[in-house]
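One structure is given here, and the rest of the page talks about it.
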Amino acid sequence: MRKADLHMHTKHSDGAHSTEEVILMAKERGLEIISITDHDNISAIKEAIEIGRFYGIEVIPGLEISSDIRDQEVHILAYFFDPDSKELEEYLKFFRSERVKRASRIVEKLNLLGFEITIEDVLEKAGDSAVGRPHIAQAMVQRQIVSNYYEAFYKFIGNGCPAYEKKIHLSPKSAFKIINDAGGLSFIAHPNNMPDVILKELIEDGVDGIEVIHPSHLPNQVKHFRGIVGEFFLLESGGSDFHGGDRNDYSNFGKYYTTSLKVDAMKNYLLRNTA
């Protein structure tokens, strides 16, 4: 069995490393199958597939998008979709635009709290990637508003904090349809704090699988989610959710992974449903 990490991020969203750097690290840590799952952005995929081929690593098209159900945020991982899907790209373009608007609202709240920070500071940190709160946190560190990345979240921009702003979301059911229409599979990401009643509602809405392996999952949770996968005949994924940089999660990369058997199950599922 080959090691497969199906959850990681690059500079194309809120990761700290380039596509090639991530693939080189994956090679060093014994991974043979990966999926780069940037937030609302698939611009790394084609480059990653080409670089991966050179280093002998299979790269699966991946993506992470946000949704919510009954005021609970739900992250959805997508795999094996067509990167050239026009409908998918239109959706992602809209949500990347909404990310900038949200960042502007957070900056305005920080200004009202008396902090000198501009949206330009944030966009400079983001570069060409999809803008997110990590870029705001980085700008806050640079402006010496906070001493570190994590302080920005737990004091100011984290959920429920003074400068927090909710994302624009679509329903999980709509997300599943967008992914399915692009030829892909949808998975519930890191459901460690998700009540089973919501998990089962997402299953009824048509999700294809659950991310069972994740750094936030305790051994009893892995067993629990694997039981749900078996009970409802779902697919299983897993990965490190690697970002690098200020997250300092390098020890997770190569430690949390699934196997090629789970990837083969995904491929077989797609073959059966497109035959």
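Side chain of N111 to backbone of I117: a donor-acceptor contact under 3.5 angstrom is found. A distance-only check finds a donor-acceptor pair linking the side chain of S260 to the backbone of R2 [under 3.5 Å]. Between the side chain of R102 and the backbone N or O of E165 there is at least one donor-acceptor pair closer than 3.5 Å. Distance alone, capped at 3.5 Å, places no donor-acceptor pair between the T258 side chain and the G238 backbone. Of the possible polar contacts, none joining the S35 side chain to the T37 backbone as a donor-acceptor pair under 3.5 Å is found. Between the D68 side chain and the V74 main chain, no donor and acceptor come within less than 3.5 Å of each other. Under the 3.5 Å distance criterion, the side-chain polar atoms of Y269 are left unmatched by any main-chain donor or acceptor of D264. Without hydrogens or angle criteria, R247 side chain to F242 main chain gives no donor-acceptor distance under 3.5 Å. At distances below 3.5 Å, not a single donor-acceptor pair connects side-chain atoms of D181 with backbone N or O atoms of I178. Judged by distance alone, the side chain of T10 and the main-chain N or O of G15 form no donor-acceptor pair under 3.5 Å.
Taking the side chain as every heavy atom from C-beta outward, E201 and P172 never approach each other to under 4.5 Å. With a 4.5 Å cut-off on side-chain heavy atoms, Y79 and V263 do not count as touching. Side chains of P162 and L113 form a contact here, defined as non-hydrogen atoms less than 4.5 Å apart. In this structure, I57 and L31 have side chains that are not in contact, with every pair of non-hydrogen atoms separated by 4.5 Å or more. Annotation: side chain of H224 is in contact with side chain of D196 (closest heavy-atom distance under 4.5 Å).
Screening residues 100-137 for ring pair (Phe, Tyr, Trp, His ring centres under 6.0 Å), with sequence neighbours left out, gives F115-F156. Listed by first and then second residue, the ring pair (Phe, Tyr, Trp, His ring centres under 6.0 Å) pairs involving residues 89-108 are Y91-F95 (not counting sequence neighbours). Applying the ring pair (Phe, Tyr, Trp, His ring centres under 6.0 Å) test to residues at least two apart or on different chains, the pairs with a partner in residues 197-219 are H7-H214, H190-H214, H214-H217, H217-F225.
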**Request:** Check the pair E236, K262 against salt bridge (charged side-chain N to carboxylate O under 4.0 Å, His left out), reporting the backbone distance first and the verdict last.
**Result:** CA-CA 6 Å; E236 177 182 327; K262 305 303 181 187; 3.6 Å; yes
**Request:** Test K86 against E89 for salt bridge (charged side-chain N to carboxylate O under 4.0 Å, His left out), laying out the working first.
**Result:** CA-CA 5 Å; K86 293 289 186 287; E89 184 49 47; over 6 Å; no
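Apart from L261 itself, the hydrophobic cluster it occupies contains M1, where clustering links Ile, Leu, Val, Met, Phe, Trp and Tyr at side-chain heavy-atom distances under 4.5 Å.
Across L63 and N41, no two heavy atoms sit closer than the pair CD1-N, 3.5 Å. Pairing each heavy atom of F153 with each of R133, the nearest pair is CZ-CB, 3.6 Å. Taking each heavy atom of I76 and F176 in turn, the nearest pair found is CD1-CE2, 3.7 Å. Of all heavy-atom pairs between G209 and L234, the closest is CA-CB, 4.1 Å. The shortest heavy-atom contact between F253 and A26 is CE2-N, 3.6 Å. Closest heavy-atom contact between I36 and A48: CD1-CB, 3.7 Å.
More than 12 heavy atoms of other residues, nucleotides or ligands sit less than 6.0 Å from atom NZ of K3. For NZ of K93, the number of neighbouring non-hydrogen atoms (other residues, nucleotides, ligands) closer than 6.0 Å is 12 at most. More than 12 heavy atoms of other residues, nucleotides or ligands shown are found within 6.0 angstrom of CD on E21. Atom CD of Q144 has 12 or fewer neighbouring heavy atoms from other residues, nucleotides or ligands inside a 6.0 Å radius. Within a 6.0 Å sphere centred on NZ of K177, heavy atoms belonging to other residues, nucleotides or ligands number 12 at most. Other residues, nucleotides and ligands contribute more than 12 heavy atoms inside 6.0 Å of the CZ atom of F81.
A donor-acceptor contact under 3.5 angstrom links the side chains of E64 and H9, judged on distance only.
Because its NZ or CZ atom is not both nearer than 6.0 Å to the ring centre of Y55 and within 45° of the ring axis, K27 does not count as a cation-pi partner of that residue.
Applying the salt bridge (charged side-chain N to carboxylate O under 4.0 Å, His left out) criterion to D241, with sequence neighbours excluded, gives no partner residue. For S240, the side chain to side chain donor-acceptor pair (under 3.5 Å) test picks out D5, with sequence neighbours left out.
With H17 as reference, M25 is the one residue of K11, M25, H243 to meet the side-chain contact (heavy atoms from CB on, under 4.5 Å) rule.
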